[in-house]
Amino acid sequence: MDEDASMASGADPSGGSEVPLDVMPAGPRGWTLLAWLVIAAVTALEIGWSQRSRDEPEVPVVRAGLQHLQSRIGDVLAQYLVAAAQMPGVNREDFYRQLQSAQLPGPLGALRRAVLAGELLGPERAAQELAEVKLPDGRTSDELHTAYRVLTDLYAAYLADDWAATSVSAADRAVLCEVLGWSGQLAVTPEKGPDQAARQRLLHSAARMLGVVFGGLFLVTIVLIAGCAALFLLAVLWLAGKLRSRVVTGLPHGGVYAETFAVWVVTFLLASLAADLLVAEEHQFAALLVLFPATLGALAWPVCRGVPWRQVREDIGWTRGAGLLVEAPLGLVTYIAVWPLLAVAMFVTIALMSALSGAAGPDGSDVPGHPVVDWLVQSGWGARVQLMILACVMAPLVEETFYRGVLFRHLRELTGRWQVTMSVVAATLINAVMFAAVHPQGLLGIPLLSTLAVGFSLVRQWRGTLIPCMVAHAVTNGLTTSLVLLLI
């Protein structure tokens with residue numbers, strides 16, 4: 001990887017025509033330091049504001065949208081366990097142990113576990129589970145307390161061989177089904193209950209979900225195998241020296257991109273505050289569709305500082321590379337290649353959740369969650385379409401431009417005197433942590449988000465152009481939001 005010298009000669013590292021190295025003077029050193037002070041201050045402000053929003057005492061710690069999504073995931077798990085337990089030769093104790101190890105956070109998860117314990121091992125085990133449920137005072141809704149009471153009454157009736165549970169009113173049953181969803185319906189239609197038609201409908205839906213889960217696991221396995229193969233191939237090509245480094249250093253104006261990134265983070269913060277404070281809630285997505293791409297105006301800064309626009313485009317990766325038909329599929333390959341690393345990051349996240357479960361409180365609410373979940377749950381389809389455009393078009397365009405384009409370029413120039421591999425590693429890791437930290441998922445979201453950012457940065461280093469980064473980012477956001485929509 002000796003391409004760092006090629007940039008000084010004016011050669012276009014992406015394989016295009018020669019680009020004259022028409023650059024500005026180095027400029028005052030203090031501007032780079034000042035830019036990093038601004039970046040650090042705004043980043044700390046964004047992280048602090050995000051954490052404060054998560055910890056706000058008057059707002060439920062588990063936001064409504066995230067809680068709804070967790071409930072839907074709990075229903076999927078419940079249907080899978082119930083359907084699998086119906087298979088011949090199954091040891092239900094084994095499924096009960098799976099249930100105990102499952103991630104069903106908070107009091108809703110505890111109530112759902114009690115229902116599933118009753119389905120797998122009988123009402124005695126459900127009563128035992130319910131006796132261990134603790135509902136923290138002042139942090140749960142009246143409906144949740146009602147659901148707990150109704151479940152207690154139901155399983156007390158079942159233990160007394162009253163499978164119709166005549167002591168439980170229809171209104172209480174409705175509240176239970178509203179709070180626990182499919183699991184609540186399962187609780188009011190026991191195996192020996194009088195409404196066998198309703199129970200058969202529940203079992204049929206569970207069987208369908210079992211097929212969906214198996215199909216999903218099959219697809220995930222295929223993608224993981226493809227990702228491992230892609231990683232292995234890329235590693236072999238890199239060791240053989242076949243992967244050309246197209247982000248090369250040696251620019252005298254690398255510090256201007258720290259200034260540019262600082263201008264953008266301030267602009268982005270002001271745009272976000274303007275949308276939040278000045279625009280009605282029902283019009284915020286429409287406002288963001290205008291304000292978010294408008295922050296690309298920060299790219300005028302290096303031009304104002306004397307760098308020709310043609311040079312800026314080359315420096316930040318706004319180039320065609322080998323063409324859209326080559327670079328776009330490489331973005332998809334990048335996303336697939338990151339999957340094995342995401343699997344490792346997922347295990348790290350689960351380990352962190354287990355380690356922090358005691359500190360998170362009995363509601364189990366300290367899980368990585370994004371406000372997008374609330375917006376998707378609470379919004380109509382018009383707002384959801386706008387949100388999909390923001391997530392799948394605007395976010396990849398703007399965030400990749402400034403994180404993998406502007407910031408990565410500056411970090412590579414900042415470490416340009418190092419050995420190339422060390423420079424790339426340092427720039428990639430710093431870029432990844434900064435990208436992950438400003439997202440509102442909190443500490444538990446950093447392993448997954450930083451892993452994605454590492455993949456985006458490495459393909460930027462390899463290809464030079466931002467097209468693969470933007471495509472990989474768009475695929476990530478598109479699949480995530482689509483999965484949330486399917487679950488809700």
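Please read all numbers here as calculations on a predicted model, not as lab measurements. Numbers here are sequence positions counted from 1.
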Q: Give the minimum heavy-atom separation between P447 and A345, together with the two atoms involved.
A: O-CB, 3.6 Å
Q: Would you please test W36 and H410 for side chain to side chain contact (heavy atoms under 4.5 Å, CB included) and show each step?
A: CA-CA 11 Å; W36 272 106; H410 169 67; 2.9 Å; yes
Q) After noting the C-alpha distance and the side-chain angles of R149 and D153, does the key distance pass the side chain to side chain contact (heavy atoms under 4.5 Å, CB included) rule? A) CA-CA 6 Å; R149 174 180 58 79; D153 293 344; 3.8 Å; yes
Q. Does the R199 side chain pair with the main chain of T189, one donor and one acceptor, at a distance under 3.5 Å?
A. yes
Q: Check whether any side-chain heavy atom of R409 lies under 4.5 Å from a side-chain heavy atom of R460, and answer yes or no.
A: yes
Q.
Evaluate W339 against L231 for side chain to side chain contact (heavy atoms under 4.5 Å, CB included), listing each step before the verdict.
A. CA-CA 10 Å; W339 265 57; L231 273 182; over 6 Å; no
(Q) When you compare the side chain of R125 with that of L120, does any pair of heavy atoms fall below 4.5 Å? (A) no
Q | L176 to A187 - nearest heavy-atom pair and separation | A | CD2-CB, 4.1 Å
Q | Residues D161 and K192 bridged, charged N to O under 4.0 Å | A | no
Q) Looking only at atom types and distance, does a side-chain atom of Q386 sit under 3.5 Å from a main-chain N or O of A286, one as donor and one as acceptor? A) yes
(Q) Given 3.5 Å as the limit, does a donor-acceptor pair link the side chain of Y148 with the main chain of L130, or not? (A) yes
Q | Test log, rule ring-ring contact (aromatic ring centres under 6.0 Å, His included), inputs F268 and F402 | A | CA-CA 11 Å; F268 181 80; F402 287 98; 9.3 Å; no
Q.
Under a plain distance cut-off of 3.5 Å, with no hydrogens placed, do R412 and Q461 share a side-chain donor-acceptor pair?
A. yes
Q. In this structure, which one of Q79, R113, R112 forms a side chain to side chain donor-acceptor pair (under 3.5 Å) with S183?
A. R112
Q. Just by distance, do the side chain of Q196 and the backbone of E191 share a donor-acceptor pair under 3.5 Å?
A. yes
Q.
To check you understand the geometry: which heavy-atom pair defines the closest contact between A275 and L288, and what is its length?
A. CB-CD2, 3.8 Å
Q. Between S205 and L202, what is the shortest heavy-atom contact and its length?
A. OG-O, 2.7 Å
Q. Looking only at heavy atoms, which two atoms of G455 and T334 are closest? And how far apart?
A. O-CG2, 3.7 Å
(Q) Please determine whether the number of non-hydrogen atoms from other residues, nucleotides or ligands lying under 6.0 Å from atom CD of E178 exceeds 12. (A) no
Q: For side chain to side chain contact (heavy atoms under 4.5 Å, CB included), just list the numbers for W264 and V42, CA-CA rounded to whole Å, side-chain angles, deciding distance to a tenth of an Å, and then say yes or no.
A: CA-CA 11 Å; W264 177 71; V42 174; over 6 Å; no
Q. Under 6.0 Å from the six-membered ring centre of F435 and within 45° of its axis: does the NZ or CZ of R404 meet both?
A. yes
**Q.** Check: F292 and L397 side chains under 4.5 Å, non-hydrogen atoms
**A.** no
Q) What pair of heavy atoms forms the shortest contact from A391 to P396, and how long is it? A) O-CD, 3.2 Å
(Q) Are the side chains of L387 and T481 in contact, using a 4.5 Å heavy-atom criterion? (A) no
Q) Can you check whether I39 reaches M434 side chain to side chain, under 4.5 Å on heavy atoms? A) yes
Q.
For the backbone of V454 and the side chain of S457, can you confirm whether one donor and one acceptor N or O come within less than 3.5 Å of each other?
A. no
Q.
In the structure I gave you, are the side-chain heavy atoms of L407 and Y257 within less than 4.5 Å of one another anywhere?
A. no
Q.
Between F456 and F408 (judged by ring centroids, cut-off 6.0 Å), do the two rings come close enough to count as a pair?
A. no
